[in-house]
Amino acid sequence: MISKVTAAVAALAPKVPACKLAAGPDGGKLAGFDLADSVKSTGTVKAWMMFIDFPDAEANGSDPQGLFDSHAGAAEEWYRTSSYGKLSLQISGDTQQVYRMPATTASCHWEGGILSFYLMKYIQDALDAYMQAHNADASIFPEMDILYLIAPPSATFSRSYTYMWEPEVRMPNATGNDTVGTAVAQKAVGFGRDLYDGSNKKGYKALVHETGHTMGMPDYYLTDDSGLPGDLVGGFSVMGAHFEQAPDMFGWDKWRMGWIADSAVHCITEMGSTTHALSPLKKKADGPDSTQIVDVAISGTTMLVAEARTKNGVDDELCGPGVLLYTVDTNVVSGKGPVRILNNLDVDLRWAGAAATSPTSRRCPSRRPGCRP
């Protein structure tokens, strides 16, 4: 499918030097081209799963091997497909034992507003439990870029959190010197009950979502619960409502992560009108004239982006294929709307409950063949 889009730059749009917008003055998880402190998004990325439980939330009856089997391979394939093979996520794990944390789930304080102190203690408690069980120091851990800490579904916290420990996750060495530690991982993720979403076997997409954070991707839903998951980006992007119909990364993010080449991006910085033939986002652009995204400069921090989305690849439940239009504002922080879609390609979202709740019904307004009823 080749879609055509005509980009008209507004009269007020200034001329800017390039479309690779910086992350903005405040830094952090924004939508700009500043991923220096993140896990790399091309080549091989190694992740390792460790399963934990708590005195008040035991993992009795849980199946670490089954959870690993149902999540790891699916997440690896998701990133292989979305990145056009440019990212190889390799997940391993210890599925033979569940390691007991020293304190209750309430001590994590995850539901009352996450604090770095509690996350730091959470991670260190887990690593310490592992080392004590094996009577070893931190050298026992395998090589990894990302540490996944998997809690049982009986734990009280409902959401997962990615901890960007800067610069690295570290543990004291064998002498107990906590200033010269052994590097264990670059980033860590603590998973809550959202990992166990059994609807349509999509729980693994919580792992995909949090892994995206380790690579510098922002949240595209309202993290303060002032709205519903689909308010900003509808059913698009795994960094928004990851359980929805079209969870592929936006073309803008694929470009930022190095999955889309500069040659496949048309950057419009002059006033006027131009016409572009868009190749579907689902596959790598082929040929020197292939275009996957069109960026129209609105200001020095804002872009209008066009891309063609089809019912293929990881967007296997998309209802209305066509050209998706959205804005990117690199001055807006994660969870506040750095990306907002302008059209929804015939996707109707019917939300219920809190922000972490899946839609109660999912239908395509036009009832097109192949769409979910």
Side-chain angles (χ1 to χ4, degrees), residues 19-49 75-76 78-91 114 116 119-120 122-123 141-149 159-170 183-191 205-221 223 233 237-240 242 247-262 265 293 301 303 314 328-339:
C19 287
K20 287 187 175 181
L21 302 180
D26 297 328
K29 286 184 291 186
L30 301 175
F33 278 77
D34 184 7
L35 306 178
D37 294 329
S38 304
V39 171
K40 63 182 181 179
S41 51
T42 59
T44 299
V45 171
K46 294 184 177 181
W48 186 71
M49 283 186 181
E76 291 172 344
W78 195 98
Y79 273 104
R80 185 161 44 247
T81 300
S82 183
S83 71
Y84 318 115
K86 291 190 174 183
L87 173 64
S88 175
L89 177 63
Q90 298 180 3
I91 304 175
I114 198 65
S116 61
L119 273 174
M120 183 184 299
Y122 181 79
I123 295 167
F141 291 101
E143 178 185 356
M144 65 179 114
D145 301 294
I146 308 169
L147 169 65
Y148 296 139
L149 297 177
R159 299 184 187 178
S160 301
Y161 289 95
T162 302
Y163 187 47
M164 302 301 192
W165 193 317
E166 306 297 351
E168 293 172 317
V169 177
R170 289 183 176 267
V184 174
Q186 188 178 356
K187 308 296 178 186
V189 181
F191 285 99
K205 289 183 181 177
L207 191 149
V208 172
H209 173 98
E210 297 301 330
T211 301
H213 283 320
T214 71
M215 299 175 189
M217 295 298 103
D219 278 317
Y220 290 147
Y221 64 93
T223 54
V233 297
S237 182
V238 73
M239 304 313 299
H242 62 263
D248 202 359
M249 293 284 188
F250 288 119
W252 173 264
D253 290 328
K254 293 187 182 223
W255 187 28
R256 293 200 295 147
M257 289 191 284
W259 301 351
I260 289 179
D262 290 355
V265 179
I293 61 173
T301 63
M303 286 282 165
V314 298
V328 176
D329 188 338
T330 59
N331 268 337
V332 178
V333 299
S334 174
K336 297 294 185 180
V339 172

Run the side chain to side chain contact (heavy atoms under 4.5 Å, CB included) test on Phe141 and Trp48 for me, step by step, so that the C-alpha distance in whole Å, both residues' side-chain angles and the decisive distance to 0.1 Å come before the verdict. CA-CA 9 Å; Phe141 291 101; Trp48 186 71; 3.9 Å; yes
Could you tell me whether a side-chain N or O of Asp145 sits under 3.5 Å from a main-chain N or O of Val39, the two making a donor and an acceptor? no
Close side-chain approach of Leu87 and Thr42, heavy atoms under 4.5 Å: no
Which heavy atom of Arg256 sits nearest a heavy atom of Pro218, and at what distance? NH2-CD, 3.6 Å
Show the nearest heavy-atom pair for residues Pro338 and Tyr220, with the distance to one decimal. CG-CE2, 3.7 Å
Begin from the C-alpha positions of Ile260 and Tyr84 and carry the test side chain to side chain contact (heavy atoms under 4.5 Å, CB included) through to its verdict. CA-CA 9 Å; Ile260 289 179; Tyr84 318 115; 4.0 Å; yes
For the CD atom of Glu210 and the CE atom of Met215, what is their distance to the nearest 0.5 Å? 12.0 Å
Checking side chain to side chain contact (heavy atoms under 4.5 Å, CB included) for the pair Gln90/Val45: CA distance, chi angles, key distance, verdict? CA-CA 6 Å; Gln90 298 180 3; Val45 171; over 6 Å; no
Considering residues at least two apart in sequence or located in another chain, which fulfil the salt bridge (charged side-chain N to carboxylate O under 4.0 Å, His left out) criterion with Lys205? none
Could you give me the CA-CA distance, side-chain angles and deciding distance for Lys20 and Asp262, then say whether salt bridge (charged side-chain N to carboxylate O under 4.0 Å, His left out) is met? CA-CA 10 Å; Lys20 287 187 175 181; Asp262 290 355; 3.0 Å; yes
Drop me the distance from Trp259's CH2 to Asp253's CG, to the nearest 0.5 angstrom. 8.5 Å
Over 60° means perpendicular and under 30° means parallel, so tell me whether Tyr221 and His209 are parallel, tilted or perpendicular. tilted
Correct closest heavy-atom pair for Ala185 and Ile146 would be CB-C, 4.3 Å
Roughly how far, to the nearest 0.5 Å, is CD of Glu76 from OG1 of Thr211? 10.0 Å
Quick check for you: to the nearest 0.5 Å, what is the distance between Trp252 atom CH2 and Ser237 atom OG? 14.0 Å
Given side chains that start at C-beta, do those of Met144 and Val184 come closer than 4.5 Å, heavy atoms only? yes
Could you pull out the closest heavy-atom pair between Asp248 and Ser82, with the gap in Å? OD1-OG, 2.6 Å
What is the minimum heavy-atom distance between Thr44 and Lys40, and which atoms define it? O-CE, 2.8 Å
Donor on one side chain, acceptor on other, Tyr79 and Ser41, under 3.5 Å: no
Taking side chain as C-beta onward, heavy atoms only, is Leu147 less than 4.5 Å from Lys187? no
Full working for side chain to side chain contact (heavy atoms under 4.5 Å, CB included) between Met257 and Ser83: CA-CA 9 Å; Met257 289 191 284; Ser83 71; over 6 Å; no
The reported gap from CG in Leu21 to OG1 in Thr301 (rounded to nearest 0.5 angstrom) is 7.0 Å
Less than 4.5 Å apart, side chain to side chain, heavy atoms only: is that true for Met217 and Met249? yes
Near-ring test Trp255/Phe250, centroid separation under 6.0 angstrom: no
Between Val189 and Thr214, the two heavy atoms sitting closest are CG2-CG2, 4.0 Å
Any heavy-atom pair between the side chains of Asp219 and His213 that's under 4.5 Å? yes
